[in-house]
Amino acid sequence: MASVCPDAWIAILQEISAAFCHSFLFSSCAAPCGEKNILVSLPRIGNAADMRIVTWNINSLRLRMPLLARLCQDTSPDLVCLQETKVPDALFPLADVRALGFEHVVFRGMKGYNGVAILSRQPVTVLEETPDWCEKGDCRHIAVRHGTGVNAIDVHDFYVPAGGDVPDPVENPKFAHKLAFVEEARAWFSARDMRRTVLVGDLNIAPLEQDVWSHKQLLRIVSHTPAETERLLAWQQTGFIDAMREFVPPDEKLYTWWSYRNRDWSASNRGRRLDHVWVTPDLRPALRGMEVLRAARDWEKPSDHVPVLIDIDG
DNA sequence: ATGGTAGAACGTCTA
């Protein structure tokens with residue numbers, strides 16, 4: 001068993017035992033750090049956004065089908081990118097998904113773990129040239145082209161490996177896999193000439209200091225180590241901008257995930273921004289709005305991730 | 001050295 005430094009364990013314990021230290025919590029992070037709740041119905045943000053994309057690590061599509069229905073009713077997305085569907089292709093609930101208004105559905109799943117899917121109202125074509133990342137046969141990436149001609153938008157949906165608990169690639173093969181995956185993705189995207197491209201998903205890395213509840217205490221926690229954040233930013237810099245941070249400045253807290261192992265996720269608010277929306281710079285002027293659907297963390301039987309929504313003008 | 005919760009699937013892995 002590998003050893004983890006005491007600071008790291010303290011951070012983990014604080015993340016999960018909020019009930020015992022309320023006074024500290026409220027002094028360190030009294031309000032929900034500026035994050036807004038989305039309550040019921042969400043109008044299109046700004047003017048005439050032509051494309052609304054929602055990305056969500058749903059943590060079992062079949063279990064949370066009712067929550068997906070609610071999400072789609074509340075936000076009317078054009079495109080939904082899911083991760084951790086945890087359903088083999090043969091068991092994919094295609095009819096249920098189509099009943100939500102998504103006639104065009106692509107998915108890549110396997111038994112038990114992983115799995116990605118893209119749901120669309122309009123026709124999409126699968127971008128078939130995507131690699132078998134780390135040659136593992138995992139179902140962690142699917143990409144489509146939405147629309148045609150000059151208005152087409154390519155959308156990549158990623159589920160990056162979580163990486164286990166020990167932030168050492170020698171002792172922990174899962175961490176080594178995570179680093180290799182991100183490096184491979186960086187290399188692949190750096191060789192592409194990208195236009196009108198959106199990349200979303202659970203990237204399982206919180207790259208900025210304000211993407212975690214305590215930068216200092218999470219520096220040695222998997223998801224926020226320099227080895228990960230440096231590689232993630234190198235991947236991003238192959239041709240993307242961080243679209244969520246176009247709307248929320250980098251010095252403000254922004255989270256999309258709160259551990260299940262926490263008595264009161266909202267009061268302690270020990271979150272991390274593990275889910276991301278990146279766009280190529282040609283789409284920057286088309287960005288109309290972004291929301292982290294924080295209220296979804298309190299839905300019945302919630303995922304530990306909440307959906308992130310982005311509005312892009314034609 | 002450790003524990004907490006959740007999901008797929010029914011023992012144990014993964015997050």
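Given the structure is predicted, the values throughout are model-derived calculations rather than measurements. A, B, ... follow the sequence lines: proteins, then strands. Residue 1 opens every chain. Values reported hereafter were calculated over all heavy atoms of this structure, with side chains retained and with hydrogens, waters and symmetry mates removed.
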Report the residues that fulfil side-chain contact (heavy atoms from CB on, under 4.5 Å) with A:Y113, sequence neighbours left out, ordered by chain and then residue number. none
Do A:R245 and A:D211 sit within salt-bridge range, that is, some charged N less than 4.0 Å from a carboxylate O? yes
Whole-angstrom distance between [N] and [M], as gauged at atom [atom1]:
{"N": "B:dA15", "M": "B:dG4", "atom1": "C1'", "answer": "13 Å"}
{"N": "B:dC10", "M": "B:dT14", "atom1": "C1'", "answer": "16 Å"}
{"N": "B:dT2", "M": "B:dC13", "atom1": "P", "answer": "15 Å"}

What I want to check is whether an N or O donor and acceptor connect the side chain of A:R62 with the base of B:dA8 at under 3.5 Å. no
So what does A:R140 hit on the nucleic acid, given a heavy-atom distance under 4.0 Å: a base, only sugar-phosphate, or nothing? sugar-phosphate
Interatomic distance where [atom1] belongs to [X] and [atom2] belongs to [N] [whole Å]:
{"X": "A:I58", "N": "B:dA15", "atom1": "CD1", "atom2": "C1'", "value": "16 Å"}
{"X": "A:N172", "N": "B:dT14", "atom1": "CG", "atom2": "C1'", "value": "12 Å"}
{"X": "A:W257", "N": "B:dT14", "atom1": "CH2", "atom2": "C1'", "value": "13 Å"}
{"X": "A:D304", "N": "B:dG4", "atom1": "CG", "atom2": "P", "value": "18 Å"}
{"X": "A:D165", "N": "B:dG4", "atom1": "CG", "atom2": "C1'", "value": "12 Å"}
{"X": "A:H224", "N": "B:dA15", "atom1": "NE2", "atom2": "C1'", "value": "19 Å"}
{"X": "A:Y260", "N": "B:dT14", "atom1": "OH", "atom2": "P", "value": "18 Å"}
{"X": "A:D202", "N": "B:dT14", "atom1": "CG", "atom2": "P", "value": "17 Å"}

Report the residue (A:G163 or A:K86) whose heavy-atom-nearest nucleotide on DNA chain B is the more 5′ of the two. A:K86
Does A:N114 or A:L91 map to a spot on DNA chain B nearer the 5' end, using the closest nucleotide for each? A:L91
For A:F189 and A:H156, take the angle between the two ring planes, folded into 0 to 90°, and tell me which bin it lands in: parallel under 30, tilted 30 to 60, perpendicular over 60. perpendicular
Residue-phosphate contact under 4.0 Å: A:R64 side-chain N/O, B:dG7 OP1/OP2: yes
Looking only at side-chain N and O atoms, does A:K301 come under 4.0 Å of OP1 or OP2 in B:dA6? no
Any side-chain heavy-atom pair of A:L82 and A:L119 under 4.5 Å: yes
Closest listed nucleotide, where the reference is the side chain of A:Y113 and the choices are B:dA15, B:dC10, B:dC13: B:dC13
Apply side-chain hydrogen bond (donor to acceptor under 3.5 Å, both in side chains) to the pair A:W56 and A:H305, showing each step before the final yes or no. CA-CA 7 Å; A:W56 190 21; A:H305 296 253; over 6 Å; no
